[in-house]
Amino acid sequence: MIKTRFAPSPTGVLHVGGARTALFCWLYTKKMHGKFVLRIEDTDLERSTPESVQAILDGMAWLGLDYDEGPFYQTQRFERYHDIIDQLIAQGDAYYCECSKQRLDTLRERQMAAKQKPRYDGCCRDLGLRPDSAKPMVVRFRNPQAGVVSFNDHVKGPIAVNNAELDDLIIKRSDGSPTYNLSVVVDDMDMDITHVLRGDDHVNNTPRQINILRALKVPIPEYAHVPMILGDDGKRLSKRHGAVGVMEYFDAGYLPQALLNYLVRLGWSHGDQELFTLPEMIDNFSLDALNRSPSSFNTEKLNWVNQQYLMSLPLTDVVTLVRQRLDRLEIDYDQNRDLATVVDLYRQRVATVNELVDSIGYCFQEFENYDEKAASKVLQASALEPLRRAQALLAALESWDAVSIHGVIETITEELEVGMGKVGQPLRVAVTGGSFSPPIDQTIELLGKQRSIARIQRAIDHISTNSAS
Ligand code: GLU
């Protein structure tokens, strides 16, 4: 059975790059009917925080990336790492090193000056040192000096590194803590990980990890190192480019399904298909179809995907999201009100749930100000007459529906011998505060008689005050 793991370090929020890696692990697991492990790599005590752990768990939960095992915390496994370090020492695959920082700094400077790759020179490798509480010591892995480490990366293809290029890496620091490469190897081994999918910033660690796994005489997992995500300027995606945290996308009104769909395409393709249901993603996913080159994050494309989901999700799901958002914003709306009609009218015109809520806000509460541009263009003296007539005719309407309202607007255009826009636009700005809404007859129907008439009055007053001043 295959087993993958997502192993974030809790030193910040779950960012989109991490979420994409987690998604690839999750998809591969589902496709292969395997298991997916969540492992929190919190050994960096200074930079790891409980808030980050929570942010990772929240992000995974919001995206629906459920795991079969974990979360495991590396800080709870120190004893196990120490046992393995002792085992490696006992079998001669690791040794104590007492080289001082000063010696290592000098060595490094000398190598740099000679244009050599800085690396440990193996000074303590054969000294057979024993731990000495009086001296700070580290433990190093005895990397083989000859031969080649090779593996077939699912994304990058065959990779081979000469052992001569690898030095004896530290696996236990002088403060006693295990290093990243050691704890990852022990965990991947203990958790029976068969496939390691991770960012390609770790590809240089892989030959070292393989050597340690070999020393421990356990199977070597398969590897897939996925290229990083870039910003629109071709640089590595970071805070500078805008939102990078998954939950920022929740706050901004994106749908988890849409973000997943966007992320899967950012680094994986299946023909020209852009939109995938989760079962489709699972069915078609394959490690070998992961892109080799980095992809750039494109908010416009994400908006497009989100819009497709907003339009195609069951209406009741979108209504639920709108209600949640209205509640979060503490917008006081009639709980019994049928939101479905207004949500349905607007969902094709917006990219996010937030935009949806912003656009329909005028249905539930008074807008504070008119959109400046719209008001200065449309709420002019020439709009007074159409607005007055509309107010009177609407007040007299017996049946409040879009068709009758449309009739009113038509009557006015005929009476005043003007085009639709001369009546429709002032009405739109009057009742919504801006110039963006679905057909005006439907908008007015939605808003209801009392509100519409009061708002037309407000616009008439606005124009009168402005032209008097
Ligand atoms: N903890 C590492 C990181 O967040 C990932 C290590 C791994 O996947 O092997 O970059």
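Any value given below was found using the heavy atoms of this structure, including those in side chains, with hydrogens, waters and symmetry copies removed. Whatever order the structure lists ligands and atoms in, that order sets their numbers, starting from 1.
- Considering backbone and side-chain atoms alike, R39 places every N or O at 3.5 Å or more from each N or O of ligand 1.
- Residue-to-ligand polar distances place A7 within reach of ligand 1: an N/O pair is separated by less than 3.5 Å.
- Between F367 and R455, the closest side-chain pair of non-hydrogen atoms falls below 4.5 Å.
- No side-chain heavy atom of Y95 sits less than 4.5 Å from a side-chain heavy atom of L129.
- Listed by atom number, the atoms of ligand 1 under 4.0 Å from R5 heavy atoms are 7 (C), 8 (O), 9 (O).
- Comparing S183, S9, G12 against atom 4 (O) of ligand 1, the shortest heavy-atom distance belongs to S9.
- Ionic pairing of R5 and E41 is not present here: no N-O contact between side-chain nitrogen and carboxylate oxygen is shorter than 4.0 angstrom.
- Paired with Y254 under the rule ring pair (Phe, Tyr, Trp, His ring centres under 6.0 Å), one option of W62, Y249, Y309, W304 passes, and it is Y249.
- In this structure, a donor-acceptor pair under 3.5 Å is absent between the side chains of H154 and Y28.
- Atoms of ligand 1 lying under 4.0 Å from any heavy atom of R198, numbered from 1 in the order shown and given with element: 7 (C), 8 (O), 9 (O).
- Q348 has its side chain out of reach of Q307: every pair of non-hydrogen atoms, C-beta onward, lies at least 4.5 Å apart.
- Looking at H202 next to ligand 1, an N or O pair under 3.5 Å apart turns up.
- Proximity of F6 to ligand 1 is not established, as no heavy-atom distance is less than 4.0 Å.
- In the vicinity of E41, heavy-atom distances shorter than 4.0 Å reach the ligand 1 atoms 1 (N), 2 (C), 5 (C), 6 (C).
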